[in-house]
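Being a predicted model, the structure only gives us computed values, none of them experimental. Values below: every heavy atom of this structure, side chains too, minus hydrogens, waters and symmetry copies.
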Amino acid sequence: MPRRLVTLSDSNSFVSEQFRTIRANINFSMPDQELKTILVTSSTPGEGKSTNAANLAIVFAQEGRRVLLVDADLRKPTLHYTFNIQNTMGFSHILLGKFSLLDTVQESPIVGLNLLPSGTIPPNPSELLLSKNMNHFLKEVKEKYDIIIFDAPPLLSMSDSQILGNKCDGTLLVVNSGVTKKERFLKSEEILLSSNAKIIGVVLNNYKMPKGQYYYYSY
């Protein structure tokens, strides 16, 4: 079942405005360096990283950027469900050298936003992310797009996000308010720093604001 993308269904909502605030913060996070590739990950499953990645991709496209959203979760992909697209060819096939970016990328309903589903789940995701084909892929997409967002697996369950964190210009860590334990968050931060990832920010997901203010509970 497709996820509800609030930035698409209700762009004037308070939650959509929060995603635009995150976008602005990302734009100003590294003023002296080019920020084109962004990794979105979390400590554990179910913290909202994929929903955040999708909505961030939408608000960047709404800003007039050329955006590519990549499902880099080659273990439990969800991008094709979120946007209701085919997943017969995708990111894994590019890394395996079977298909090109032109063969696999798909358009979205949002002007400026292209989608790259995961493709077939491979037996060796970490090895593919360390391959020369991954480096070639990064070079190609940086030439074609203004922003490339990678939706990647949780940090504490496999090494994929650690590898991608080293290769991307910036990393955004999604934390589920009231659920993520402090020690897991600190461990995730340690993993990213050990891989020389540049942490550009933390998104506090499902945070309930005090009474009398807006409630940021859906995303």
Side-chain angles (χ1 to χ4, degrees), residues 1-23 26 37-63 65-95 99 101 103-122 125 129 137 141 145-155 157-158 160-161 164 168 171-176 179 203-206 216-219:
M1 181 179 179
R3 284 187 176 91
R4 177 174 174 263
L5 297 172
V6 66
T7 50
L8 185 59
S9 62
D10 189 2
S11 62
N12 294 320
S13 70
F14 175 70
V15 177
S16 294
E17 184 58 34
Q18 297 311 297
F19 279 110
R20 287 190 286 270
T21 298
I22 295 171
R23 179 188 67 193
I26 291 173
T37 51
I38 300 171
L39 170 68
V40 180
T41 186
S42 60
S43 300
T44 55
E47 297 198 58
K49 66 173 182 61
S50 297
T51 301
N52 274 269
N55 280 288
L56 280 173
I58 291 171
V59 295
F60 271 113
Q62 289 171 340
E63 192 182 39
R65 307 281 195 98
R66 295 171 300 166
V67 183
L68 178 66
L69 176 58
V70 181
D71 195 340
D73 192 336
L74 299 179
R75 300 171 191 270
K76 292 185 177 180
T78 61
L79 179 70
H80 56 295
Y81 296 125
T82 302
F83 287 91
N84 194 26
I85 60 174
Q86 294 294 318
N87 192 30
T88 52
M89 296 187 298
F91 187 41
S92 64
H93 296 95
I94 293 176
L95 299 184
F99 295 104
L101 179 65
D103 294 327
T104 52
V105 75
Q106 299 183 44
E107 292 185 355
S108 78
I110 300 93
V111 175
L113 175 59
N114 284 355
L115 308 170
L116 181 61
S118 67
T120 304
I121 297 174
L129 295 173
F137 171 79
V141 294
Y145 296 94
D146 301 315
I147 296 286
I148 305 98
I149 296 177
F150 291 88
D151 173 18
L155 280 157
S157 50
M158 60 276 300
D160 302 16
S161 286
L164 283 167
C168 288
T171 295
L172 199 63
L173 185 59
V174 178
V175 176
N176 199 355
V179 176
V203 175
L204 187 59
N205 206 31
N206 291 315
Y216 185 27
Y217 58 85
S218 295
Y219 290 91

Applying the side chain to side chain contact (heavy atoms under 4.5 Å, CB included) criterion to I148, which one of V67, V70, I38 satisfies it? V70
Compare all side-chain heavy atoms of D151 with those of L79 and state whether any distance is below 4.5 angstrom. no
Before giving the answer on side-chain contact (heavy atoms from CB on, under 4.5 Å), spell out for V59 and I22 the whole-Å C-alpha distance, their side-chain angles and the decisive distance to 0.1 Å. CA-CA 9 Å; V59 295; I22 295 171; over 6 Å; no
Excluding sequence neighbours, so at least two apart, what forms salt bridge (charged side-chain N to carboxylate O under 4.0 Å, His left out) with D103? none
How close do G48 and V174 get, counting heavy atoms only, and between which atoms? C-CG1, 4.1 Å
Find out whether V203 and F19 are in side-chain contact, i.e. whether some heavy atom of one side chain is under 4.5 Å from a heavy atom of the other. no
If I take atom OG1 from residue T41 and atom CG from residue N52, how far apart are they, to the nearest 0.5 angstrom? 11.5 Å
Nearest 0.5 Å, what's the CG-OG1 distance between D71 and T78? 5.5 Å
S42: partners by side chain to side chain donor-acceptor pair (under 3.5 Å), with sequence neighbours left out: none
Tell me every residue that passes side chain to side chain donor-acceptor pair (under 3.5 Å) with T171, counting only those two or more places apart in sequence or in another chain. none
Between K49 and E47, is there a salt bridge with N-O shorter than 4.0 Å? no
Please enumerate all residues that pass side chain to side chain donor-acceptor pair (under 3.5 Å) together with S108, with sequence neighbours excluded. none
Search all heavy atoms of N176 against all heavy atoms of G46 and return the closest pair with its distance. ND2-O, 3.6 Å
Does any part of the side chain of N55, heavy atoms only, come nearer than 4.5 Å to the side chain of T51, both counted from C-beta? yes
Counting N and O atoms only, with roles assigned by atom type, does the side chain of E63 sit under 3.5 Å from a partner on the main chain of R23, one being a donor and the other an acceptor? no
Which heavy atom of S161 sits nearest a heavy atom of A152, and at what distance? OG-CB, 3.2 Å
List for me each residue that meets side chain to side chain donor-acceptor pair (under 3.5 Å) alongside R75, sequence neighbours excluded, and say none if there are none. S126, D160
Minimum heavy-atom separation for Q86 to Q106, with atom names? O-NE2, 2.9 Å
Do the rings of F150 and F137 sit parallel, tilted or perpendicular, given the 30° and 60° boundaries? perpendicular
Is it the case that the side chain of T104 and the backbone of M89 share a donor-acceptor pair, with hydrogens and angles ignored and the cut-off at 3.5 Å? no
Between CG on residue D146 and CZ on residue R66, distance to nearest 0.5 Å: 4.0 Å
Are any of the side-chain heavy atoms of L172 and L56 separated by less than 4.5 Å? yes
Determine whether L164 and T37 make a side-chain contact, defined as any pair of heavy atoms from C-beta on separated by less than 4.5 Å. no
Close side-chain approach of L155 and L173, heavy atoms under 4.5 Å: yes
Any side-chain heavy-atom pair from F83 and L5 closer than 4.5 angstrom? yes
Report the residues that fulfil side chain to side chain contact (heavy atoms under 4.5 Å, CB included) with T21, sequence neighbours left out, ordered by chain and then residue number. E17, N25
Which pairs would a plain distance check flag for residues 113-122, meaning a side-chain donor or acceptor within less than 3.5 Å of a matching protein atom at least two apart in sequence or in another chain?
unit_1 : atom_1 : unit_2 : atom_2 : d
N114   : ND2    : Y145   : OH     : 2.8
S118   : OG     : N87    : ND2    : 3.2
T120   : OG1    : H93    : NE2    : 3.3

